[in-house]
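Some notes on the structure that comes next.
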Amino acid sequence: MRPLLLPLVALQLISSASAQLSDADLNTVAARLAQAAQQSWELGARAQAILSLNATDYSVYTASPYPPPQNVPSNITSAIAPVFSIARNVVSALGLRTNGSSNATSLELVAGDGAAGDPPSIGVAVLLANWTGRNSDDGLDYAKAAENQLDFLLNETPHTSDGAISHRVAQVQLWSDNVYMVPPFLALYGVHTSNKSLMGEAYNQVKLYRQYLRDDDADGLWKHIVLSTNADDGGVDEGHWSTGNGWAAAGMLRVLATMKHSSFSDDFKNEQNDLASWVKEIHSAVFNNIDDTNIFTNYADKSIKSSGSFYDAASTALIAATVYRFALLRDDHTHLPNAEKCRKALFATKGAVSASTTASAPASSGTASAARLGDLEHFTSDGWLTPVVDPHQVGVEGKESAEGNAFVLELQAAYREWVAAGSPGINAASRAAATSSITALALLLGISLLF
Ligand SMILES: *[C@@H]1O[C@H](CO)[C@@H](O)[C@H](O)[C@H]1NC(C)=O
Ligand SMILES: *[C@@H]1O[C@H](CO)[C@@H](O)[C@H](O)[C@H]1NC(C)=O
Ligand SMILES: *[C@@H]1O[C@H](CO)[C@@H](O)[C@H](O)[C@H]1NC(C)=O
Ligand SMILES: *[C@@H]1O[C@H](CO)[C@@H](O)[C@H](O)[C@H]1NC(C)=O
Ligand SMILES: *[C@@H]1O[C@H](CO)[C@@H](O)[C@H](O)[C@H]1NC(C)=O
């Protein structure tokens with residue numbers, strides 16, 4: 001019995017190291033996301049996740065030049081449909097119809113949203129609906145909706161004296177979240193309307209936000225919210241919220257990718273270099289603080305032992321996703337070993353070690369037959385990432401996070417593209433893991449030969 005069992009154990013150890021979600025698992029995670037995404041930024045994050053994972057030709061991470069074809073190819077129609085339906089629901093609620101019966105009163109894509117910075121995240125879906133000619137199909141004026149949203153940001157939202165656009169309508173507050181919501185919209189708007197100065201403004205906003213939020217006293221971690229004087233409107237939070245650091249890194253990468261794949265690329269070489277160095281600065285700062293669980297705490301530099309601290313799989317998924325994106329865009333693999341550790345921790349099977357010693361058959365490998373969600377440490381059986389911060393109350397642990405599930409799709413998408421590109425940097429990435437797997441295998445085979 002034993003000599004037969006031990007090599008199987010070794011095989012299982014190796015296959016769990018390449019754990020990933022199956023297509024069925026991803027569909028379940030995406031279904032929970034679709035149900036839970038209600039707030040403006042959640043709709044924006046969902047649209048972006050679907051583009052990243054499933055309609056990649058229409059994502060700014062596309063390998064082809066951006067913007068994408070105006071006629072959506074038939075084999076992409078169903079994958080991109082949820083993105084268009086987000087745009088349709090939002091613009092039709094505004095009442096921006098093309099038949100002259102428009103009754104829109106709001107410039108914001110979501111009327112009355114107190115967060116000036118969140119509705120623009122849906123702008124990506126709206127710009128794509130316009131670009132691909134959905135106006136006539138839906139009877140909705142997507143171009144006008146995008147134009148109004150831009151107008152609101154540039155002309156109606158309060159700014160700092162040096163030009164940073166507030167995240168809130170009522171008073172100037174700068175939030176790290178904003179970097180994911182606003183600059184990518186400005187950059188995309190610039191490409192869709194051939195407006196180079198808007199692309200420049202996307203960069204300028206990132207630069208300003210970094211000047212205010214980057215914390216020299218914390219190794220370059222970003223603060224969450226500055227300048228707020230009103231805890232009842234938005235907030236006051238100078239802590240180094242992990243998801244906020246992830247939002248900032250991911251937003252900068254989307255601006256960088258938009259620049260790089262657009263016809264403006266050569267005009268923004270220095271800006272792309274800056275954005276890359278700022279993303280890497282966040283990576284270095286956050287990974288300096290992660291503990292050996294390879295899951296971030298809710299505030300990156302607050303240890304799990306400090307009062308109110310808890311582990312947060314959502315920011316972990318988002319930050320890991322940005323490392324694969326960074327590697328693909330910049331050919332820099334410095335933090336891949338860290339991202340691989342996070343990914344393996346997030347997609348690990350429950351009680352991986354104890355289960356594998358009693359298993360009688362190796363887990364099968366490959367996407368289609370990877371572990372089911374209920375068997376995974378960081379997912380509930382119905383498809384929620386766990387544990388996660390409450391996205392509507394960022395100091396406390398929550399459940400059923402829409403953005404957390406969106407980050408899972410982003411992670412899987414980025415990881416899959418990195419694997420498809422030949423896993424560049426894999427040697428650096430997997431040196432430690434590979435050595436220990438080989439050692440384990442050799443050890444176990446050696447032991448089994450003794451019997
Ligand atoms: C769609 O079809 C085109 C042309 O046949 C092909 O090049 C492309 O890879 C397909 N895309 C997807 C997402 O299947
Ligand atoms: C991706 O798109 C296909 C249809 O093209 C759909 O069946 C699948 O559910 C989508 N997956 C996700 C995760 O949205
Ligand atoms: C505009 O009309 C639509 C459809 O009748 C309605 O759903 C929407 O609430 C109206 N919007 C405003 C701002 O009145
Ligand atoms: C809308 O799409 C058209 C192409 O169909 C493009 O020329 C125009 O600039 C777009 N407008 C906006 C605001 O994106
Ligand atoms: C670019 O966009 C800005 C903001 O809407 C606008 O003021 C400017 O005129 C545009 N430039 C061009 C060349 O269209």
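Atoms within each ligand, like the ligands themselves, are counted from 1 in listed order. Treat the numbers as computed from the prediction; the structure is a model and nothing was measured.
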Query raised in the report: Going by the atom numbers of ligand 2, which of them fall below 4.0 Å from some non-hydrogen atom of N27?
Result: 8 (C), 9 (O), 10 (C), 11 (N), 12 (C), 13 (C)
Report task. From the options L26, D23, N54, N75, select the one whose nearest heavy atom is closest to atom 12 (C) of ligand 2. Result -> N54
Query - Test item, I50 contacting ligand 2 (heavy atom, 4.0 angstrom) - result: no
Query raised in the report: Of the protein's non-hydrogen atoms, which lies at the shortest distance from atom 5 (O) of ligand 5, and what is that distance?
Result: L150 CD2, 3.6 Å
Query - Side chain, backbone, both or neither: T193 near ligand 5, heavy atoms under 4.0 Å - result: neither
Query raised in the report: With a 4.0 Å cut-off, would you call K207 and E271 a salt bridge?
Result: no
Requested in this report: Using distance alone, determine whether D57 and ligand 1 share an N or O pair under 3.5 Å.
Outcome: no
Query raised in the report: Has the side chain of N178 got a donor or acceptor atom that lies under 3.5 Å from a matching backbone atom of L174?
Result: no
Query raised in the report: Do D137 and R134 meet the salt-bridge criterion of a basic N to acidic O distance under 4.0 Å?
Result: yes
Requested in this report: Considering heavy atoms of the protein only, find what lies nearest to atom 4 (C) of ligand 5 and give residue, atom and distance to 0.1 Å.
Outcome: L154 CD1, 3.7 Å
Report task. Answer yes when K196 and D267 have at least one side-chain N-carboxylate O distance shorter than 4.0 Å, and no when they do not. Result -> yes
Report task. Please write down residue, atom name and distance for the protein heavy atom closest to atom 10 (C) of ligand 5. Result -> N195 ND2, 2.4 Å
